[in-house]
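Beneath this line is the structure, given in structure tokens, with notes to follow.
Convention: sequence-line order gives letters A, B, ...; per-chain numbering from 1.
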There are 2 protein chains.
Amino acid sequence: MATAAVGTAEDRTISRKVGQPPTRTKCPAPFLLKTYELLELEEEEENYSEKNKVVSWNEEGTGFVVWSPAEFSELMLPKYFKHNNFSSFIRQLNTYGFKKVASKRWEFSHEKFKRGSKHLLGKITRKKSDPSAFPAYLKPCDQILAAKEGNNISLQLLMEENHNLRKERLELEMQIAHFKTLETKLMECLSQYVGNQHNKVRRLF
Amino acid sequence: MATAAVGTAEDRTISRKVGQPPTRTKCPAPFLLKTYELLELEEEEENYSEKNKVVSWNEEGTGFVVWSPAEFSELMLPKYFKHNNFSSFIRQLNTYGFKKVASKRWEFSHEKFKRGSKHLLGKITRKKSDPSAFPAYLKPCDQILAAKEGNNISLQLLMEENHNLRKERLELEMQIAHFKTLETKLMECLSQYVGNQHNKVRRLF
DNA sequence: GGGAATATTCCC
DNA sequence: GGGAATATTCCC
């Protein structure tokens, strides 16, 4: 079991003196603190070892390099997190705005994540998912976006679009119903040729 | 490291025949499957042990009892989950709608969580976060109309519905793409049996 | 018990 | 790289 101690945003809010709403000082998110400590502790450990480096700060201390993702994932991640997946680690880095800064090696950096600057970690925040911004494939039509920019989203427009979307949905569902009918017919037909049951044909696909 | 294999709702959607929007069959959420298997495996194991029971189905098999939360948390939870906290386990039970059904012991039940009825697990769903805020998905018109009457159409609500509709559309389009692929394969296959060209087979339908 | 934040996973 | 679902944590 990892020593994980996950915190919420709330309990990370330290209101220095029942502070100003804008001037809140946060202690770092668990992920950032753990990653920072991982670097400090593991780098120190590696100084005493004869093995190749697995992970370390880069030369300038402006980022860090995972020299061996395999060993890093297998040996170090479980010591700090509840998993051993490199991709989950990367996902977290992206969530907190780290950038991959080299093409040939796993080097990441973040403006506020530097060697010797633990106090900056509290200023790193998770990227917002911006509830008003939809993913590309779900992006509202240009009309809506245009209206939004003008701070003038038309309710009428939205309702109209929703109406159209429901209509589209119905059409798509009808298409699917048609496909299902067709599939059944094809299956039956094929069954005759195969001289076999519907289900046996199905196994072909 | 636990053997955890967490799935999303998406990959749990088994479209039996790339089915109707309402008729989706889901395989159980990882949490439910693991809890069910925990009960089966650990109960079996305890039959061979001389120790007191830690966890088991209740007498009727309509629920289960954690006889020793301490041992349960320390010994069993880590085998199935990425933690050893009883409260996190309880949180998940609540998320999936389980009820505590005894005051003097940790006994929980859920209508669709019964001994010998593994097939029912797929019918258990996570509880929605806020039915009053995001029902646009299921009852768009009612919500919108109600809000309209109150002269209080929520823009957020509309955009939420808009978002969900787009998502649905994408899913339907993916189903259709799948059907098209299937149809092509079936046609090709049939062509071989008919000893003829694609187009000739098509005339059959 | 459940809201909400962060973590982990899976998918595009 | 990031959206979104589930998992885990923390709080009320």
Side-chain angles (χ1 to χ4, degrees), chain A residues 1-13 26-35 73 77-78 80-101 108 110 124-139, chain B residues 1-13 26-35 73 77-78 80-101 106 108 110 124-134 137 160 163-164 166-168 170-171 173-174 177:
Chain A
M1 189 61 36
T3 58
V6 174
T8 64
E10 282 309 308
D11 59 20
R12 291 195 295 109
T13 300
K26 298 193 178 217
C27 73
F31 170 76
L32 298 169
L33 207 51
K34 289 179 189 174
T35 302
S73 304
L77 285 182
Y80 299 85
F81 306 101
K82 289 173 178 286
H83 66 85
N84 59 1
N85 304 307
F86 194 56
S87 57
S88 291
F89 179 70
I90 302 296
R91 184 72 194 85
Q92 283 284 66
L93 290 178
N94 286 323
T95 295
Y96 284 96
F98 283 72
K99 295 296 179 192
K100 191 168 184 295
V101 291
F108 299 91
H110 185 293
I124 301 176
T125 57
R126 288 167 77 90
K127 281 197 277 189
K128 310 280 183 287
S129 64
D130 194 352
S132 64
F134 296 114
Y137 64 89
L138 298 173
K139 203 171 59 177
Chain B
M1 190 62 36
T3 58
V6 175
T8 64
E10 282 308 306
D11 60 17
R12 290 196 295 109
T13 300
K26 299 192 178 220
C27 72
F31 170 76
L32 298 169
L33 207 51
K34 289 179 188 175
T35 301
S73 306
L77 285 182
Y80 299 86
F81 306 101
K82 288 174 177 288
H83 66 84
N84 58 1
N85 305 306
F86 193 57
S87 57
S88 291
F89 179 70
I90 302 296
R91 184 71 194 85
Q92 282 284 68
L93 290 177
N94 286 324
T95 295
Y96 284 96
F98 284 72
K99 296 294 179 193
K100 192 169 184 296
V101 291
W106 294 100
F108 299 91
H110 185 293
I124 301 178
T125 58
R126 288 166 76 88
K127 282 197 278 188
K128 304 287 179 279
S129 57
D130 190 0
S132 66
F134 303 104
Y137 182 76
E160 195 75 38
H163 174 82
N164 287 329
R166 287 167 189 285
K167 191 173 161 190
E168 267 193 275
L170 183 68
E171 287 168 356
E173 282 169 347
M174 284 168 59

Is there a side-chain contact between [X] and the phosphate of [N], meaning an N or O under 4.0 Å from OP1 or OP2?
X: B/Tyr96; N: D/dA7; answer: yes
X: B/Asn85; N: D/dT8; answer: no
X: A/Lys82; N: C/dT9; answer: no

List for me each residue that meets ring pair (Phe, Tyr, Trp, His ring centres under 6.0 Å) alongside A/Phe98, sequence neighbours excluded, and say none if there are none.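 With sequence neighbours excluded, A/Phe98 shows a ring pair (Phe, Tyr, Trp, His ring centres under 6.0 Å) to A/His110, A/Phe113, given in chain and number order.
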Rounded to the nearest angstrom, tell me the gap between atom [atom1] in [X] and atom [atom2] in [N].
X: B/Leu170; N: D/dG3; atom1: CG; atom2: C1'; answer: 12 Å
X: A/Leu32; N: C/dA7; atom1: CG; atom2: C1'; answer: 12 Å
X: A/Leu33; N: C/dA5; atom1: CG; atom2: P; answer: 20 Å
X: A/Ile90; N: C/dT8; atom1: CD1; atom2: P; answer: 13 Å
X: B/Phe89; N: C/dG1; atom1: CZ; atom2: P; answer: 14 Å
X: A/Phe81; N: C/dT6; atom1: CZ; atom2: P; answer: 15 Å
X: B/Gln92; N: C/dG1; atom1: CD; atom2: C1'; answer: 14 Å
X: B/Leu93; N: C/dG1; atom1: CG; atom2: C1'; answer: 12 Å

From [options], nucleotide with atom closest to [X] side chain:
X: A/Lys127; options: D/dA7, C/dT8, D/dG1; result: D/dG1
X: A/Arg91; options: D/dG3, D/dG1, C/dA7; result: D/dG3
X: A/His83; options: C/dT8, D/dA7, D/dG2; result: C/dT8
X: B/Pro30; options: C/dG2, D/dT6, D/dA4; result: D/dT6
X: B/Asn94; options: C/dG2, D/dG1, D/dT8; result: C/dG2
X: B/Lys167; options: D/dA5, C/dT9, C/dT8; result: D/dA5
X: A/Phe31; options: C/dG1, D/dT6, C/dA7; result: C/dA7
X: A/Arg126; options: D/dT8, D/dG1, C/dA7; result: C/dA7

Could I get the full list of side chain to side chain donor-acceptor pair (under 3.5 Å) partners for A/Ser73, not counting sequence neighbours?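 By the side chain to side chain donor-acceptor pair (under 3.5 Å) rule, A/Ser73 matches no residue at all.
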Do A/Phe31 and A/Tyr80 touch side chain to side chain, with heavy atoms closer than 4.5 Å?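 No - every pair of side-chain heavy atoms lies 4.5 Å or more apart.
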Can you find a heavy atom in the side chain of B/Asn94 that is under 4.5 Å from one in the side chain of B/Phe108?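 Answer no - side chains too far apart.
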As a quick check of understanding, evaluate side chain to side chain donor-acceptor pair (under 3.5 Å) for B/Thr95 and B/Arg91, giving each step before the final call. CA-CA 6 Å; B/Thr95 295; B/Arg91 184 71 194 85; 3.2 Å; yes
